[in-house]
Asks: 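One structure follows; several queries about it will come next.
Worth knowing before you read on, the calculation uses all heavy atoms, side chains too, and leaves out hydrogens, waters and symmetry mates.
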Amino acid sequence: MREIFAGLPWWVKWVAMPVIALVVFGGLIASVVTFVIGLLFKLLIFVALVGGLIYVVRKFMSSSSSRGDW
């Protein structure tokens, strides 16, 4: 395999082959990147909602405990 690549010009190794790989696997790469970005976005939304819930519960608990017993 190395002997095959050793005889090729630099532009074939560093330009043509990556372009061919992007054309062949471009859809797969795009779908993986889309999945990862979507997962990170959902994780960010989850963290924000849990943080907001904790904030609201603590705020409610502190205001109800300062008013005394019901």
Asks: If you link I, L, V, M, F, W and Y whenever their side-chain heavy atoms are under 4.5 Å apart, who else ends up in the same group as Ile45?
Replies: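 Its cluster partners, ordered by chain and number, are Phe41, Leu49.
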
Asks: Are Val24 and Leu22 joined in one hydrophobic group, where the rule is that I, L, V, M, F, W and Y side chains link up if heavy atoms are under 4.5 Å apart?
Replies: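 Looking at the clustering, Leu22 is in the same group as Val24.
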
Asks: Establish whether Trp11 and Ile4 are linked, either directly or via other cluster members, by ILVMFWY side-chain heavy-atom contacts under 4.5 Å.
Replies: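 No; Ile4 is not reachable from Trp11 via cluster members.
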
Asks: Side-chain heavy atoms nearer than 4.5 Å, only ILVMFWY residues, links allowed to pass through others: does that put Val50 and Leu43 together?
Replies: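 Shared cluster, no.
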
Asks: Determine whether Leu8 and Ile20 fall in the same hydrophobic cluster, where Ile, Leu, Val, Met, Phe, Trp and Tyr are linked whenever their side-chain heavy atoms lie under 4.5 Å apart.
Replies: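 Leu8 does not cluster with Ile20.
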
Asks: Let me check something: do Val15 and Phe5 share a hydrophobic cluster, defined by ILVMFWY side-chain heavy atoms less than 4.5 Å apart, either directly or through other members?
Replies: yes

Asks: Nearest 0.5 Å, what's the CG-CZ distance between Leu53 and Arg58?
Replies: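 Taking CG in Leu53 and CZ in Arg58, the distance rounds to 11.0 Å.
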
Asks: Tell me, do Leu40 and Leu44 make a side-chain contact under 4.5 Å, heavy atoms counted?
Replies: no

